[in-house]
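Predicted model, so just to flag it, every value in this text is computed and none were measured.
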Amino acid sequence: MQNLNFLCLTIISISLIHNYSILVQALTSPSDIAALKAFKASIKPSSITQWSCLASWNFTTDPCSLPRHTSFICGLTCTQDSTRINQITLDPAGYSGTLTPLISQLTQLTTLDLAENNLFGPIPSSISSLSNLQTLTLRSNSFSGTIPSSITTFKSLQSLDLAHNSLSGYLPNSMNSLTTLRRLDLSFNRLTGSIPKLPPNLLELAIKANSLSGSLQKQSFEGMKQLEVVELSENALTGTVESWFFLLPSLQQVDLANNTFTGVQISRPLEAREGSSNSNLVALNLGFNRIRGYAPANLGAYPALSFLSIRYNALRGAIPLEYGQIKSMKRLFLDGNFFVGKPPAGLMEAGTAVSGSLGDNCLQACPGSSQLCSPAQKPSSVCKQAYRGRPTP
């Protein structure tokens, strides 16, 4: 009898374990599984290599079941209760295909990172349904079409990286609705038009190598008290870079090179008017524009400035003496203008730590023995023509 009872208990235990195992194997939300299946189906099978993450997405196993020895070994993570997908981070395995609109069913996603693959086609507008998304990274693919305006409805997004794609059209007018966004990178696309009002809490702004036009408008940067990095080089921006821009309180690095700016206005940092300055501006690149007039002497009042380039513009007159007095300066590029007279004494001192170039100007006393004076100055005929017959300011 005891043996019979033991046998019955064993059968019941095995049954319970079997039933529990079935429950364990069916953890993930059916809508999430359907979305994952659609996601994988939108990728060309020929681009899914044997050892890639997507190759391990075998739907005979529940995506959130543990341990993951052979199936779903990488590319996604699940919520703590193992019922929802909260991250998709694909490996850069050369996947080719499109991004399915059904991605919108993964409503618990906080991270979607598909960087460095060969995905193409439009970014589906349904992506805005991912209301918990904090990081969206689609960089280094071949996405095309416009940036969907629905993308500006995210309420938790902190990082948006769509760089190195083939996106075109204007930036959405409602970009400033992304109040939680800290980092925005849209560089190396085909975006056009002017810069709209930007997200107010950005730390980093990068829209390099597009076809943006128009001038920098104060209202576009309104309220941006935390902005540290601005990368807008290689566009078609025009007009004057006005003094308000350089007074953004947290600004550290600015690259506006390779545009068509014609002027720059720089006032002294606000604190400098009271005898000291806590300006954080470290690097400023205004090279390869069409800036005319005199070099802004007020840059000498920015105590942290260590990199300055205003090379290859149409600046004239003397190099401000203040440029030789910036103690933090390490790299200075003033070449390719029409500067005259002597370089500031502080730049010519023996043992100076400043590197860069004052070459290709109209300076009369830039010794060839100085590394800063390379390349050679312009021919005097060019300088006389620039100054209408006399190489003086």
Side-chain angles (χ1 to χ4, degrees), residues 18-145 148 151 154 156-157 159-165:
H18 176 69
N19 290 336
Y20 177 74
S21 123
I22 291 173
L23 289 173
V24 168
Q25 290 173 5
L27 296 173
T28 310
S29 160
S31 63
D32 280 20
I33 293 176
L36 291 178
K37 287 180 177 178
F39 180 89
K40 183 175 181 179
S42 69
I43 305 299
K44 294 179 180 178
S46 59
S47 70
I48 302 176
T49 56
Q50 182 180 0
W51 302 110
S52 65
C53 287
L54 278 185
S56 74
W57 287 20
N58 179 355
F59 291 96
T60 60
T61 303
D62 187 275
C64 290
S65 65
L66 296 174
R68 296 175 183 163
H69 292 315
T70 56
S71 298
F72 296 98
I73 57 175
C74 59
L76 59 79
T77 62
C78 299
T79 54
Q80 195 168 9
D81 62 2
S82 297
T83 61
R84 303 297 305 273
I85 308 299
N86 65 0
Q87 291 190 29
I88 291 181
T89 304
L90 282 192
D91 48 333
Y95 301 118
S96 178
T98 59
L99 179 57
T100 174
L102 293 180
I103 194 75
S104 61
Q105 294 180 190
L106 298 173
T107 54
Q108 291 302 307
L109 272 188
T110 60
T111 298
L112 178 60
D113 185 347
L114 311 179
E116 298 181 39
N117 282 289
N118 295 314
L119 304 178
F120 56 87
I123 299 171
S125 60
S126 62
I127 202 170
S128 62
S129 297
L130 304 178
S131 57
N132 293 296
L133 204 63
Q134 297 175 19
T135 301
L136 176 58
T137 304
L138 304 179
R139 71 178 291 118
S140 300
N141 280 283
S142 298
F143 288 108
S144 59
I151 214 167
F154 287 120
S156 303
L157 196 65
S159 176
L160 175 59
D161 189 345
L162 307 179
H164 293 273
N165 280 286

Looking at every non-hydrogen atom in both residues, tell me the closest pair between P148 and S125 and how far apart they are.
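Taking every non-hydrogen atom into account, CB-CA, 4.0 Å.
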Roughly how far apart are [X] [atom1] and [Y] [atom2], rounded to 0.5 Å?
| X | Y | atom1 | atom2 | answer |
| --- | --- | --- | --- | --- |
| Q108 | I85 | CD | CD1 | 11.0 Å |
| S128 | I123 | OG | CD1 | 12.0 Å |
| L27 | I33 | CG | CD1 | 9.0 Å |
| S144 | L119 | OG | CG | 11.5 Å |
| L157 | L112 | CG | CG | 10.5 Å |
| D91 | T49 | CG | OG1 | 7.0 Å |

Check: [X] side chain, [Y] main-chain N or O, donor-acceptor pair, under 3.5 Å:
| X | Y | answer |
| --- | --- | --- |
| T79 | R84 | yes |
| N165 | N141 | yes |
| R68 | P63 | yes |
| T137 | A115 | no |
| S42 | T98 | yes |
| N58 | S56 | no |
| W57 | I73 | no |
| Y95 | L54 | yes |

Please check if any side-chain donor atom of N86 sits under 3.5 Å from a side-chain acceptor atom of T77, or the reverse.
yes
Apply the test side chain to side chain donor-acceptor pair (under 3.5 Å) to residues T111 and D113: give CA-CA distance (whole Å), side-chain angles for both, the deciding distance (0.1 Å), then the verdict.
CA-CA 6 Å; T111 298; D113 185 347; over 6 Å; no
The criterion is ring-ring contact (aromatic ring centres under 6.0 Å, His included); which residues satisfy it with F120, sequence neighbours excluded?
none
Could you check S31, S129, S126 and say which one makes a side-chain contact (heavy atoms from CB on, under 4.5 Å) with Q105?
S31
